[in-house]
Protein chains: 2
Amino acid sequence: MKTKRYSESLEDYLETIYMYGGKDVKSVDIANHLNVSRASVNNALNSLIDKGLVTKKLYGNIALTDTGLEVSKKILEKHEILKEFLIDVLRVKPKQAETEACGIEHVISDYTASQIKKLIKKIKSEN
Amino acid sequence: MKTKRYSESLEDYLETIYMYGGKDVKSVDIANHLNVSRASVNNALNSLIDKGLVTKKLYGNIALTDTGLEVSKKILEKHEILKEFLIDVLRVKPKQAETEACGIEHVISDYTASQIKKLIKKIKSEN
DNA sequence: CCTGCAAGTTAGATTACACTAACATTATAG
DNA sequence: CTATAATGTTAGTGTAATCTAACTTGCAGG
């Protein structure tokens with residue numbers, strides 16, 4: 001059940017693929033979303049394919065493998081928890097919260113994320 | 001008053017120099033603390049010198065400049081706040097908390113850090 | 001004082017991740 | 001159905017950060 005860790009960069013790519021539906025995703029959308037070149041996306045995808053997280057044929061669209069899906073889901077979940085915590089609890093501005101969540105999500109453990117989730121709930125119920 | 005951002009790696013070096021007193025610091029201690037080679041430390045120090053954060057003569061010891069001191073202090077402060085939050089509020093194991101704080105400290109804004117600090121105080125006062 | 005080891009430096013290799021430019025393929029609009 | 005635009009790929013480059021190995025310098029014990 002312990003999820004393997006990947007580089008921040010690769011996790012960002014995974015997360016983006018997931019956000020675009022996890023299958024039939026287009027390279028160019030990833031490039032636009034992450035503000036990187038199409039070449040960089042291609043490069044990253046090859047790493048993800050090597051690691052068994054993504055499948056794709058030459059000139060074909062992108063899909064997450066089961067493992068890739070699992071990893072992506074967890075990252076996005078952390079992202080959402082962090083954003084909620086930053087915005088609703090800490091009163092950080094949404095845009096800044098988005099940026100910070102993007103950084104923190106790659107660092108915190110599943111346990112820490114779940115603890116933050118509990119804390120949010122507790123604090124919100126106090127109002 | 002807005003502090004410039006540096007790479008995680010360079011911030012780690014700065015933080016370590018600060019932890020060792022901020023002046024008369026030895027390269028080898030930094031290497032041991034960060035588990036990197038002496039060569040890597042040398043390399044990083046040259047970057048920090050270029051950026052005006054550290055001073056040092058050839059074969060001499062290391063000292064933070066005023067700017068370097070300011071930056072380091074802020075990072076270490078974030079580190080401490082995060083550690084306290086993770087351990088005392090979220091009940092993360094100390095070793096894990098240390099690791100996660102090390103990652104998050106490079107990402108969060110001064111504002112977010114100060115908000116976390118307030119939250120810790122509030123929560124602790126409730127007991 | 002001098003010598004040997006500890007510490008600092010340099011050179012060169014490696015890896016990851018980004019870029020641009022040029023080229024290949026696919027999709028689409030006339 | 002073909003020409004062109006959009007997308008995907010490849011090749012080559014750059015930068016940051018790491019490493020090892022070899023070299024230089026400095027200091028502390030004999």
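These numbers were taken from a predicted model, which means no experiment stands behind them. By convention in this document, chain letters (A, B, ...) are assigned in the order of the sequence lines, proteins followed by strands, and residues within each chain are numbered from 1.
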Using atom types as modelled, flag every donor-acceptor pair under 3.5 Å from a side chain in residues 45-62 of chain B to any protein atom, sequence neighbours excluded.
| residue | atom | partner | partner atom | Å |
| --- | --- | --- | --- | --- |
| Asn46(B) | ND2 | Asn42(B) | O | 3.3 |

Nearest non-hydrogen partners of Ala101(B) and Lys83(B), listed with the distance: CB-N, 4.1 Å

Exam field: side chain [X] to backbone [Y], donor-acceptor pair closer than 3.5 Å:
X: Thr16(B); Y: Asp12(B); result: yes
X: Thr112(A); Y: Ile108(A); result: no
X: Asn43(A); Y: Ala39(A); result: no

Please list, in numerical order, the residues of residues 50-60 of chain B that have a heavy atom closer than 4.0 Å to any atom of DNA chain C. Lys56(B), Leu58(B), Tyr59(B)

Taking OP1 and OP2 of dA16(C), is either one under 4.0 Å from a side-chain nitrogen or oxygen of Ser7(A)? no

Take atom [atom1] of [X] and atom [atom2] of [N], then tell me their distance rounded to the nearest Å.
X: Asn43(A); N: dA21(C); atom1: CG; atom2: P; value: 18 Å
X: Arg38(A); N: dT20(C); atom1: CZ; atom2: P; value: 11 Å
X: Asn46(A); N: dA18(C); atom1: CG; atom2: P; value: 14 Å
X: Ile62(B); N: dG8(C); atom1: CD1; atom2: C1'; value: 10 Å

Using a heavy-atom cut-off of under 4.0 Å over every strand shown, decide if [X] touches base, sugar-phosphate, or nothing.
X: Asn35(B); value: sugar-phosphate
X: Ser47(A); value: nothing
X: Ser9(B); value: sugar-phosphate
X: Val41(A); value: nothing
X: Tyr13(B); value: sugar-phosphate

Under 30°, 30 to 60°, or over 60°: which ring-plane class applies to Phe85(B) and Phe85(A), parallel, tilted or perpendicular? parallel

Give, ordered by number, those residues of residues 22-34 of chain A having at least one heavy-atom distance below 4.0 Å to an atom of DNA chain D; if nothing qualifies, reply none. Lys26(A), Ser27(A), Val28(A)

Do other residues, nucleotides or ligands put more than 12 heavy atoms under 6.0 Å from Lys74(B) NZ? yes

Any salt bridge between Lys122(B) and Glu126(B), counting N to O under 4.0 Å? yes

Among dC19(D), dA17(D), dA18(C), the one nearest Ser40(B) by side-chain distance: dC19(D)

Between dT10(C), dA11(D), dT18(D), which one does the side chain of Ala39(B) approach most closely? dT10(C)

Test side-chain contact (heavy atoms from CB on, under 4.5 Å) on Arg5(A) and His106(A) and set out the steps. CA-CA 8 Å; Arg5(A) 301 307 272 270; His106(A) 306 292; 5.8 Å; no

